[in-house]
Every structure is written in C-alpha cells, then in structure tokens.
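Encoded as structure tokens, the structure appears first; notes follow it.
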Protein chains: 4
Amino acid sequence: MTGESGKGAGASPARRRGPSPEKTARTRAAIVEAAMAEFLERGYSASTMAGVARRAGIAKGTIYLYFPTKEALFAGIVRDIVTNPLREAEEQEIGPDETVADYFRRTLVPVMRRIESGGRAAVARLILAEGARIPVLAEVYRQDVFLPLIEHIRLHAARAVKRGEAGGEILARHPHLLLAPLWVGMVNNGVIAPQHPVDIGALFEASLSLIFR
Amino acid sequence: MTGESGKGAGASPARRRGPSPEKTARTRAAIVEAAMAEFLERGYSASTMAGVARRAGIAKGTIYLYFPTKEALFAGIVRDIVTNPLREAEEQEIGPDETVADYFRRTLVPVMRRIESGGRAAVARLILAEGARIPVLAEVYRQDVFLPLIEHIRLHAARAVKRGEAGGEILARHPHLLLAPLWVGMVNNGVIAPQHPVDIGALFEASLSLIFR
Amino acid sequence: MTGESGKGAGASPARRRGPSPEKTARTRAAIVEAAMAEFLERGYSASTMAGVARRAGIAKGTIYLYFPTKEALFAGIVRDIVTNPLREAEEQEIGPDETVADYFRRTLVPVMRRIESGGRAAVARLILAEGARIPVLAEVYRQDVFLPLIEHIRLHAARAVKRGEAGGEILARHPHLLLAPLWVGMVNNGVIAPQHPVDIGALFEASLSLIFR
Amino acid sequence: MTGESGKGAGASPARRRGPSPEKTARTRAAIVEAAMAEFLERGYSASTMAGVARRAGIAKGTIYLYFPTKEALFAGIVRDIVTNPLREAEEQEIGPDETVADYFRRTLVPVMRRIESGGRAAVARLILAEGARIPVLAEVYRQDVFLPLIEHIRLHAARAVKRGEAGGEILARHPHLLLAPLWVGMVNNGVIAPQHPVDIGALFEASLSLIFR
DNA sequence: GATGAATGAGGATTCATTCAT
DNA sequence: AATGAATGAATCCTCATTCAT
C-alpha cells in the first residue's frame, strides 16, 4: 500500500488550500520512482537523499515530507519493487491434458526469459545485500515471491506424482531445484560474469528436461 | 595477491630487527579475523575501519600497514574465505574406474555440505551485494573460484561424454547447472528463508542424480 | 571561474525559496575572508578547512557548498586577491601626447605603492610557495595576472619604439625588467627582511628612469 | 656547523663498541642529503619522514637518532642548503683599472647563468614558502646570503660613485635593483611560467647596461 | 646504533537531517 | 507544501613519533 494515489477518487468539490491532492500524489510518485532507480542502481548505502531528490526533480527537504528517514524510504520503495513477477505465471491454469512439464514450460519459460530485463538482477542483489540488515526486505520477498512460488511448484509436483508423470517425486521433495537455474543465471549474469552471460531460459529448459526426463 | 603487502613468502633468513615475524603474523591474523566478522555482520559499506580495528584490538593506522585500503582489505578477506575450500576439491584426481558422477559425488558433496559453515554463504551474499559496485570483488571471485570451477566441471563433463556416461552432453553444454543447487541453497538459507533451510548437500545429490540419470 | 559553484551571474527573477540571496552572499563573503586570512597566515598546507570554518563562524560542511575542495577554495581566494588591482591599471588609456614612460609612471606607480597592503605580498609568497605543487595556482596567476601584464608592457614598449622614445627597444626585448623591482621588493619586504623594507614605489620609479633614460 | 664529520681527526686507537664513527657520519650524511632532496622537491609539509628515510636507505626511526623532530631536521638541512652561492663571486677582487660595471659583469654574470641549476629556484621557493613560519629559515638566508650581497653591491656602488662612473649613484641608493632580474627570473622560470623561461643572464646584463648606461 | 611495527591525533570530505523562508 | 542552505557527526586515510626487539 505504498503507492496509493489519492484520497478517494470522487470529485471532492470543496477546494483545498495549498497544492491539490493530485500534485501531492504526483510528487510522491516522483520520489518513489526516483528512489527506486537510485537504490537499484547504487544499493542502499551508496544512494543519497540528494541523488534521489535530483532524480525526482525536487528539493532534498521535500522527501522528508513524505518519508521520515532514508530507511523508511528504502523500506517503502522495496515493497513496490518486489511485486511478484511470477504471479502472472502462477495464476495460469494447467490444461486438463497438459503434463506438468509442459505446463511449466509454457508458463515459466517466458517469465525466465524476461527476468533479466527491468533490473530484476538488481533487485535480487538489493535483497541479498540488505536483506540481512533490514529484515523487512527479505520478509517481503519471502512472503510475496519466494514461498508462493515454492508452494506453486510443490502443488504441481504433487499433481505430477498423482498422474504418474516422471520427475514428480524428486520435484516434490526438492521444489527449490526448479528455481536453481534462475539463481545461477541471475548471479552469473548480474554480478559474477556479466561478460559471459548464460541463457537463463535455455538453462531452465535443460533443467526441466532433466527433471521430467 | 591483490592489494596486500605480502612480505615475500620465501623464508628470508636475513635477521629482522624490531618485532618478531610471529608478532606481525598474529597482528595480521587478528585483522583478518576482525574484518571478516565485521564485514559479514554489517556488509561492506556499513563496516568501518575503526570498527575493524576495535575488534582486532589494534590502532586504526595499523590496518593500513597490512592492507592499503578498505577495499583491498575486503577483497583480501573474501579471497581468504572463499578460495581455498574449493581448490582442495578440484585438486583431487578422478580414479581410473570412477565414473564422473561418482567423482563429483565423492569430491564435491562434502564441500557443499560444509559450504555454509565458516560463513561461506555470508561471503557469497557479500559478493552479490557489493560485486557490482566494487569490481575487484566480483573479479576475485570470478577468477579464483567461479571460472576454475566451471572449467573443472566442463573438463570432466567432456570426459564423461568420451566415456559414454549419461549426462555428459548436457553438463558439457550447461556446466552452470551443477552449481545451481549451491546458489539456491545459499540464497535460501542465508537470506530469504533461514528459518526453513534446505539441505544443500541433498539438493546437490539430487541434482547430480538427475544429470547423470 | 575555476571550481567555484557560481550560481549564475544573471539575475534570475525566479523567486527563491529558502534563505535570501543576501544571506548566501554574506556566507560566501565570510568564507572568502576567513580563508584569505587563514591561508595568508599559515600557508596552504598548514591551513585547515576546520580552521577556515571556525574563523568564518560556520560549519565545516558549509564551505563545501561554495567550494568543492580545499584546492578550489585556495585558487578562488588567490584569484580574488590578486587579479583585480592590476586590471584597473591595464585598462587605463594612454594619452595622445603622453610618453610611455609617463604613462607607466602614472598608472603603475600607484599600484606598486599599494601592492603591499591587502596582503598582496603574502599572496605572492603563497604562489611561489605552492605554485609548483598546486599547478592551478600558478596557472591562475600566469593567465590572469602575469601574461596580461607582460603583454601590456610589450605593447606599450612597441609603441615607445615606434615613437622613437628611448628605452623602448630594451623593454620590448625584456619586458620582465619592468616587473623586476616589484618582485625584489615583495620578496625582501615580505619574507627575507621585513625589518628593512625597501620602498617598492621608489624602486619602481628608479627602474623606470633607468629604462627610459 | 651541521655537517661536521667526526670527533677529532686524530687516529684514536681505542676501539669503540658498536658502529664506527665513520659509519655514523655516513648515516648522518645520508639523512641530510635525502632530506635536502625531499624538502626541495616537495616542500616542508608535503615531505614525510618516511620519504626521507626511504631516500636515505635507512629506517624511519633512525632519523630520530640524529634529529629530534621533523622541524629540527628541516632547520638543520636548510643551513646546509643555503650556502651562499655568490660568496665565490663576492670574494673576487676588482682590478685596479676595472670599472665596477665590468667587475660585476665579470663576476656576477656567470653566477647568474648558473643560478638555476642545482635547484636554486627550489631553494628560493622553500625559503619563501616556509620563511614566514619558520623564522630561522629567512634569518639564515638573510644573514648568509642576502645582506652580504647587498652590502657587497653597496660597497662597489660607492666605489663607482667615487670614481665618477655613471650609475653609481642610483645603485648606491637602490642596491636591490641589481638583484631584481635574478628574482623575476627565478620566479618566472621556477614557478609562474617554466614553459616560457627567460634568460636570467641576458636579463642581468641588460639591467647592468641600463644601470651603468 | 638500528629497525620498522604500532600508535592515534588530525585532516579532507560526505551526507542525512533540520529549519528559516 | 516546498525549498535548499546550513549543520556536524562520521568516515577513510596519513604521518610524526615511539619503543620493543
């Protein structure tokens, strides 16, 4: 609930003194967006309030009208960043005759391929970096992204077992295996060896083939 | 050997005046240990040289006799923690009748099981966190750990192919796959969900079984 | 304009929020004055930003709002002190019937006589002292003071030659000769023998008489 | 009396424990030489005891066996540096039929031409730089170099007056004038415009010609 | 005498935060 | 609500000086 854009959508005809609510909302949005970019690009410590303000095109002091401290700004922003990019994939239904392998291939591969654009690796880095010190960060990520995804995998693994599809057993026991290629890929491409990126999609498909024979 | 003073590894028999070599070795060790703790606990940016000195029970300036900058200290620590354990595994020879799968099982599983003790996961977190902004970090890790390991895997994958062992092909094409369980595990256990740790060793064995049928 | 923030010389009619322009101008002036005193009194290296701030009655950080580095502050101060007084002399026109000797006597002697008040000699000392190590210093002095003055002298020497006034030739060949009394004087009075000051003005006039017979 | 090389030249047959006096003298000389180079090259503040030690090929601590503080080292060294380079010239007798102008031309011009080699400009800079803060510096220079030279000039100017040689009067009144070209030259060539050096010898000769018609 | 590791005060610079306008 | 000048604590790093060996 960080990005709420106003106090009731209805046209409140009672004009208020001072800036309009829309203006305020716009300012807030500018801060959020600027902070997002700043934190993703530089990490928490290396980001400066001045930098955020500059990016947002406002004065330093203004930020403090919306967020009491740098840490509060960070925590607020993170919630916005860490919306589950996989939710869409999770919400897709499996077809009646579709194997679990095919289902994962159909719904997850495209997401994996897109995972690196939009600074997803940067987000991962952010969470890994500050997660231990700013617990809310890891917390949000775990609750909104990680656990649901693991649960999703476990669920369909159970289905595969029930249907007698090969690979169900192992995935049911080790649902993390399905995510493994994603992390090696993000780590490799984002930090360790950006010069020699691996194809996360291909890695994922290879892994999928292995699991489901 | 990046950025350390490194007083010559050879035993120079030239009599030293002043403090004994043991003393300096002890000082150096104290710095390394203190820095390790500090960086692991707080991350790079939030750590201070003063804090390291305090922990080590020495003066601020003393650190600079051993490491020219904070960055060099960081890189030095990372190397110390991360490099050695894997090298040991890589140096083991494969037996004449041993399958590649067995070889990996024999040499790598123990390492994987030990990977989390001694703050290995924490170091990984550090590298991911700061690697993008402190290039020397990712550099050290890439050169000393990552690439050698990938090469090691590729080499034995080729051997598996030559011997007609199943799984060789896919591993030769995607050597990163073998490391994938390690990373999900470290990420999961170290940051995202330390309350629900996965068994990295088991994950790795499962993955190995999948790859080599 | 090297290294100063320079908030736009044009009168931007855009209403300012926050502190008034007068206030900032006053702050800036306080910094300049304090820095001047500090540098003249202690030299560059021995001066501290904290000392300047204390003298100016402001916080350390405030200085950095106006000058990005200690070096820039130094260069800025030097320019302020040194540049203007000679420009005034150079801008004066020579009269149609005025000999070059008279022109120099009329325009330069007063400047020479005033050269020691306002810490001019101290500045010269600063430039000589630090010029070799802080190149921007010598640079500023050379570009803003020295070369223009030499050029000015050369120009009028040429005029003297054309008019057949005695001394033109030698001055055209050695324009530095005209400045020589100034430097002996500053050096003698400022450092070597302040107890036995020489009269720079008199020295200059004597030199002028010699050159122009 | 800074460079004295031992305790009595006679062969004291009583062998002493520890290093020989010659060794000590050599160490001291090495320090002096190194410090000289260091101070001339970098100035006082920018010079470091470590740098001096490195240059001298000894340990930092050793310097303190010979000079109690950095300042003492500086002051000691300066005396060695500031030996009058003109003493030789001053000691030459004027010939019975030689004009004062010729005498100066004969004895001073060669010195002037040599004045820039051997870091003379650097010495001047050193004295100007620190003279105000370390009074002994200017003091030594004044007593050993400056005043004797001025006196020397004044003396011969008086002689020129007595003999009715032109220029005597003005030089008697303004002896500094004779040194003026030297200072402009050193200042110009050493700091302000090393790229456009003036020929100090030529400048001096021109000045001499002017003074003595 | 000689060494060089150790010390710690001190200095330039940054930046989150405040507050008068 | 918005501004941005001002603050000063905090940080990295340097270097004269000491002293155990």
Side-chain angles (χ1 to χ4, degrees), chain A residues 16-21 23-24 27-28 45-53 58-66 68-71 73, chain B residues 7 15-21 23-24 26-28 45-53 58-71 73, chain C residues 5 7 15-21 23-24 26-28 45-53 58-71 73, chain D residues 16-21 23-24 27 45-53 58-66 68-71 73:
Chain A
R16 309 249 235 101
R17 294 285 194 137
S20 67
K23 176 82 180 306
T24 320
T27 302
R28 192 198 164 86
S45 296
S47 292
T48 67
M49 297 299 263
V52 172
I58 59 169
K60 257 179 303 174
T62 305
I63 301 178
Y64 287 88
L65 298 174
Y66 294 85
T69 63
K70 187 188 178 186
E71 200 166 306
L73 173 60
Chain B
K7 314 243 117 176
R15 291 272 244 69
R16 298 257 228 122
R17 306 290 188 96
S20 68
K23 177 79 184 306
T24 67
R26 238 180 305 129
T27 303
R28 195 200 158 83
S45 300
S47 293
T48 69
M49 295 301 261
V52 172
I58 57 170
K60 261 179 301 170
T62 304
I63 302 178
Y64 290 90
L65 296 177
Y66 295 85
F67 299 90
T69 63
K70 184 186 178 187
E71 217 172 276
L73 174 59
Chain C
S5 35
K7 315 244 116 176
R15 290 272 242 71
R16 299 257 228 123
R17 307 289 187 98
S20 69
K23 177 80 183 307
T24 68
R26 238 180 305 130
T27 302
R28 194 200 159 84
S45 300
S47 293
T48 68
M49 296 301 261
V52 173
I58 59 171
K60 261 179 300 170
T62 304
I63 301 177
Y64 289 89
L65 295 176
Y66 295 84
F67 299 90
T69 63
K70 185 186 178 187
E71 213 171 280
L73 173 59
Chain D
R16 307 248 238 102
R17 295 282 192 140
S20 66
K23 175 84 181 305
T24 321
T27 302
S45 296
S47 292
T48 67
M49 297 300 265
V52 173
I58 58 169
K60 258 180 301 174
T62 305
I63 302 178
Y64 288 87
L65 298 174
Y66 295 86
T69 64
K70 185 187 180 188
E71 201 166 304
L73 173 60

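Predicted model, so just to flag it, every value in this text is computed and none were measured. Throughout, protein chains are lettered first and strands after them, A, B, ... in sequence-line order, and every chain is numbered starting at 1.
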d([atom1], [X]; [atom2], [N]) in whole Å:
{"X": "A/I63", "N": "E/dC19", "atom1": "CD1", "atom2": "C1'", "value": "16 Å"}
{"X": "C/K23", "N": "E/dC19", "atom1": "NZ", "atom2": "C1'", "value": "11 Å"}
{"X": "A/I58", "N": "F/dA1", "atom1": "CD1", "atom2": "P", "value": "13 Å"}
{"X": "B/F67", "N": "F/dC12", "atom1": "CZ", "atom2": "C1'", "value": "16 Å"}

* **Side chains of B/M49 and B/F67 in contact at under 4.5 Å (non-hydrogen atoms)** =>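 Side-chain contact under 4.5 Å: no.
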
* CD1/D/I63 to CD1/D/I58 distance, rounded to the nearest 0.5 angstrom? ->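 It is 5.0 Å, given to the nearest 0.5 Å.
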
* F/dA1 phosphate, OP1 or OP2, under 4.0 Å from A/Y66 side-chain N/O ->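 So the side-chain polar atoms of A/Y66 never come under 4.0 Å of the phosphate oxygens OP1 or OP2 of F/dA1.
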
* Asked: Under 4.0 Å: is that the gap between some side-chain N or O of D/T69 and OP1 or OP2 of F/dT17?
  ->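 No, outside the criterion.
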
* Taking all heavy atoms of C/T27 and all of C/Y66, pick out the closest pair and write down the distance. =>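 Shortest heavy-atom separation between C/T27 and C/Y66 comes out as CB-OH, 3.6 Å.
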
* **Polar side-chain atom of C/K70 near backbone of C/S47 as donor-acceptor pair, under 3.5 Å** =>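 Indeed, once roles are kept as given, a pair shorter than 3.5 Å links the two residues.
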
* Asked: Closest nucleotide of DNA chain F for D/Y64 versus for B/E71: which of these residues is on the 5' side?
  ->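 Result: B/E71.
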
Sub-3.5 Å pairs of nitrogen or oxygen atoms, protein against nucleotides 9-11 of chain E:
residue: E/dG10; atom: O6; partner: B/K60; partner atom: NZ; Å: 3.0

* Not counting sequence neighbours, which residues clear side chain to side chain contact (heavy atoms under 4.5 Å, CB included) with D/S45? List them please. =>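 D/S45 satisfies side chain to side chain contact (heavy atoms under 4.5 Å, CB included) with C/S45 only.
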
* Under the side chain to side chain contact (heavy atoms under 4.5 Å, CB included) rule, collect the residues that match up with D/A59, sequence neighbours excluded. =>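 Applying side chain to side chain contact (heavy atoms under 4.5 Å, CB included) to D/A59 gives D/T62.
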
* Which of these nucleotides, E/dA6, F/dA6, F/dC13, is closest to any side-chain atom of C/T62? ->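 Nucleotide nearest to C/T62's side chain: F/dA6.
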
* **Side chain of D/L65 - closest among E/dA2, E/dG4, F/dT3** =>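 Comparing E/dA2, E/dG4, F/dT3 against the side chain of D/L65, the answer is E/dA2.
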
* **For DNA chain F, the dot-bracket pattern of Watson-Crick and G-U pairs whose distances stay under 3.5 Å, | for other-strand partners** => .||||||||||||||||||||

